Amino acid sequence: MRYCDGPLLVLAGAGSGKTRVIAAKIAHLVDRGVDPAQIIAITFTNKAAREMRERAQTLLARQDRADAVSKLVICTFHAFGLMLLRREAKAAGLHPGFSILDPGDLEGIVAELVATADRARARAAQWRISAWKNALVSPAAALAQAASDDEQVAARAYAHYDDTLAAYRAVDFDDLIVRPLALLDADAEVAGRWQDRCAHVLVDEYQDTNPAQYRLLRALVGARTPFTAVGDDDQAIYGWRGATLDNLAQLPRDYPQLKVVKLEQNYRSTVRILRSANALIGNNRKLYAKKLWSDLGHGEPIRVAPMGDDETEAQRVVDRIAGMKFERRAAYGDFAILYRGNHQAQAFETALRARGIAYEISGGQSIFERSEIKDIVAYLRLIANDDDDPAFLRAVAAPRRGVGRTTLARLADVAAQRHESLFAATFSPEVAQAVPARQRDSLVEFCGLVNDLRYRAEREPAGRLLDELLARSGYEAWLVDTLDKRDAQARTKSVREFTDWLARKGEADARNLVELTQMVALVTMLDGRDSDRVDAVRLSTIHAAKGLEFPHVFVVGLEEGILPHREAVAADDVEEERRLMYVALTRARQSLHLSWCRTRRRAGERVAGQPSRFIGELAQEDLRYADAPRTAEEATAEKAAGAARLASLRAMLSQ
DNA sequence: TAGAGATTAGTTTTT
DNA sequence: CTAATCTCTA
């Protein structure tokens with residue numbers, strides 16, 4: 001670990017203290033006199049970045065180098081790409097206030113390019129385009145290799161897609177990787193500058209990098225910079241996003257002097273949990289052989305429970321959590337319910353709410369998907385970049401300002417004729433002709449507000465500008481008038497929460513409004529201030545739970561077709577599903593509970609299900625099967641018994 | 001332009 | 001069978 005001068009690959013098994021290792025290495029580098037501003041640590045998620053910063057902070061404080069923390073660059077690939085593009089906007093041919101389009105905007109753009117009203121079709125094309133970008137396939141190459149009709153359509157849209165984005169002076173998520181890479185490849189001067197900036201690069205979750213990310217890494221590291229890659233081939237679960245284990249296999253070939261270190265001791269789970277996880281993953285072909293071990297004791301058997309249907313499953317899991325909380329003096333925060341797809345959360349939400357148990361959903365819809373937040377973000381994007389037509393369309397309609405479909409259609413005609421944005425077209429003589437005075441005044445006033453705020457965006461604190469935006473646009477007043485009281489209150493609150501958070505963020509990191517706007521596009525959830533404090537059961541997709549651990553874990557919905565997912569089985573990619581199961585199992589510290597449903601409601605119909613093949617692949621001697629009640633009476637009786645037990649426990653507790 | 005009713009689609013993971 | 005989106009009418 002103290003090897004600092006060359007390329008290093010750390011194969012870190014689940015629960016082997018991966019984050020700790022990276023944080024320790026960062027602290028060690030600082031200790032050796034490396035300039036903290038030249039240490040670049042790249043993670044996969046915002047959450048991981050935050051965690052790593054916290055760990056590094058603790059270690060550095062111990063070394064009396066707390067000052068170094070704020071200089072460290074610890075961020076996601078995408079945030080790093082954004083930073084590079086911002087600093088090199090000119091060389092990259094970008095407007096400094098460029099927008100980062102959200103997936104909804106992009107769906108609309110793609111739908112128009114493929115001339116379809118069918119959302120599923122548009123999304124499929126959008127997905128194809130993204131996959132091509134991440135695989136570094138150009139539009140021309142995509143057109144040449146597109147096999148099916150659908151791919152042909154997507155490839156033709158791809159050719160115009162980048163032009164459309166350029167017209168809006170906008171980029172998409174993938175561009176935050178691809179464009180910095182193109183810039184570093186094309187411009188030796190810029191590349192040299194950034195390579196000099198890096199004294200040491202660390203990459204977390206290396207197994208989840210895609211070809212574009214790997215190339216970016218190589219362009220950054222060059223021949224001189226030492227780096228540390230940390231990963232685990234058994235936890236590669238982002239193949240669908242273009243991540244490829246080839247990057248892991250390729251590393252020793254690209255860097256012959258690569259040192260490889262394996263971490264095989266698990267500090268998290270009991271022997272039984274690990275034995276089952278090892279048995280499961282033994283069914284996959286291996287890139288690097290590795291066997292996790294633990295000295296945390298045998299532990300209790302893994303419970304496997306077939307359930308009648310998904311509703312019963314939710315109820316019984318929640319009952320069990322309530323029971324265990326008292327029996328084991330555990331906190332709700334010690335429990336996690338993990339599932340394959342977001343929609344599976346619903347039954348559990350309902351069950352938890354019925355019991356009055358606090359829960360928190362991660363990986364679900366974030367506050368950035370709420371319409372009122374999108375409205376505010378649209379204003380911010382427009383302030384940063386007035387060519388952002390999607391943002392214009394959203395902001396101009398919230399609040400309603402007497403400008404309707406007809407007016408906007410006329411404005412769009414003028415803009416198209418003049419080859420300029422909706423914003424710019426507002427001030428053209430043609431609009432004076434095409435649009436009645438009243439509507440035009442509204443538009444001009446709207447644009448005037450945006451202009452004023454833009455003018456001040458770099459000089460004044462973000463908090464004040466945000467307050468002014470809410471007041472002068474009439475947005476806050478509109479929320480209050482239009483909606484019935486309760487809804488309005490909730491929305492006003494979430495808007496306030498959001499603007500307060502932004503203002504604080506701006507102050508803490510000394511960012512102006514434009515910089516904050518770009519950052520917001522990459523953030524999926526507000527920094528967890530209450531999430532740490534609230535004692536709540538965690539509901540999460542397995543993907544979103546990677547890197548986390550819980551004393552008690554329930555993995556639910558373990559049926560053929562769900563895990564492994566139907567599509568994955570059809571595509572003959574069961575290995576990635578198995579890794580997903582492996583990740584789920586290895587989140588658990590003490591107790592692990594697996595369940596599957598005999599029938600499940602889907603589209604109003606009951607569908608029969610088979611237990612997942614993965615249950616059969618576990619270490620059978622460590623499992624304990626529980627049978628579901630057979631009849632409705634038994635189920636009712638059990639429910640009543642459960643409720644009674646819960647009531648008596650509650651009574652005991654309240655004494 | 002906004003709200004209420006009709007209609008239709010839902011099948012995986014996310015920066 | 002929901003829930004979200006769309007369409008029509010006031």
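Only heavy atoms go into these numbers, but all of them, side chains included; no hydrogens, no water, no symmetry mates. Convention: sequence-line order gives letters A, B, ...; per-chain numbering from 1. Model, not experiment: these values are computed from the prediction.
For A/Tyr582, the ring-ring contact (aromatic ring centres under 6.0 Å, His included) criterion is met by no residue, not counting sequence neighbours. In this view, A/Trp240 and A/Tyr238, A/His543, A/Glu576 satisfy the side-chain contact (heavy atoms from CB on, under 4.5 Å) rule, not counting sequence neighbours. Legend: residues meeting side chain to side chain donor-acceptor pair (under 3.5 Å) with A/Gln344, ordered by chain and number and at least two apart, are absent. Residues passing the side chain to side chain donor-acceptor pair (under 3.5 Å) test with A/Asp172 are A/Lys133, A/Tyr161, sequence neighbours excluded.
For A/His78, whose side chain is taken as the heavy atoms from C-beta onward, the closest listed nucleotide among B/dT14, B/dT15, B/dT12 is B/dT15. Looking at the side chain of A/Thr76, the nearest of the listed nucleotides B/dT12, B/dT14, B/dT15 is B/dT15. Closest to the A/Phe173 side chain, of the nucleotides C/dC1, B/dT14, B/dT15, is B/dT15.
Of the residues in residues 563-578 of chain A, those with a non-hydrogen atom less than 4.0 angstrom from any atom of DNA chain B are A/His565, A/Arg566, A/Glu567.
In this structure, A/Trp127 atom CH2 and B/dT14 atom C1' are separated by 13 Å, rounded to whole Å. What separates CE of A/Met83 from C1' of B/dT15 is a distance of 16 Å, to the nearest Å. A/Gln126 has its CD atom 15 Å from the P atom of B/dT14, to the nearest Å. Nucleotide B/dG10 holds its C1' atom 15 Å from the CZ atom of A/Arg601, rounded to whole Å. In this structure, the CD1 atom of A/Ile237 is 11 Å from the P atom of B/dT15, given to the nearest Å. Between the P atom of B/dT15 and the CD atom of A/Glu205 lies a distance of 12 Å, rounded to the nearest Å. Between the CD1 atom of A/Ile562 and the P atom of B/dT13 there is a distance of 12 Å, given to the nearest Å. Atom CZ of A/Arg123 and atom C1' of B/dT14 are 13 Å apart (whole Å).
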Please list, pair by pair, any protein nitrogen or oxygen found under 3.5 Å from a nitrogen or oxygen in nucleotides 2-6 of chain C.
{"from": "C/dA3", "atom 1": "OP1", "to": "A/Gln346", "atom 2": "NE2", "distance (Å)": "3.3"}

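Not one side-chain nitrogen or oxygen of A/Asn342 sits closer than 4.0 Å to the OP1 or OP2 atom of B/dT12. The phosphate of B/dT14 (OP1 or OP2) has a side-chain N or O of A/Thr541 nearer than 4.0 angstrom.
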**Report entry** Pair A/Asp232-A/Lys18, salt bridge (charged side-chain N to carboxylate O under 4.0 Å, His left out): steps then yes or no
**Finding:** CA-CA 10 Å; A/Asp232 178 6; A/Lys18 186 168 51 80; over 6 Å; no
Show your reasoning for whether salt bridge (charged side-chain N to carboxylate O under 4.0 Å, His left out) applies to A/Arg394 and A/Asp375.
CA-CA 6 Å; A/Arg394 185 159 192 125; A/Asp375 291 339; 2.8 Å; yes
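Distance check on atom C1': C/dT2 versus B/dT11 gives 15 Å, rounded to whole Å.
The pair A/Glu349-A/Arg353 counts as a salt bridge, with a side-chain nitrogen and a carboxylate oxygen less than 4.0 angstrom apart.
The base of B/dT13 lies outside donor-acceptor range of the side chain of A/Arg241, with no N or O pair under 3.5 Å. Not a single donor-acceptor pair, N or O on each side, falls under 3.5 Å between the base of B/dT12 and the side chain of A/Trp240.
In this structure, A/Arg123 is not positioned above the aromatic face of A/Trp127 in the sense of NZ or CZ being under 6.0 Å from the six-membered ring centre and within 45° of the axis.
Side-chain atoms of A/Glu205 and A/Gln207 include a donor-acceptor pair closer than 3.5 Å.
Nucleic acid contact for A/Phe44: sugar-phosphate only, since backbone atoms but no base atoms lie under 4.0 Å from a heavy atom of the residue.
A/Tyr339 and A/Phe348 have parallel rings, their planes meeting at less than 30° on a 0 to 90° scale where 60° marks the start of perpendicular.
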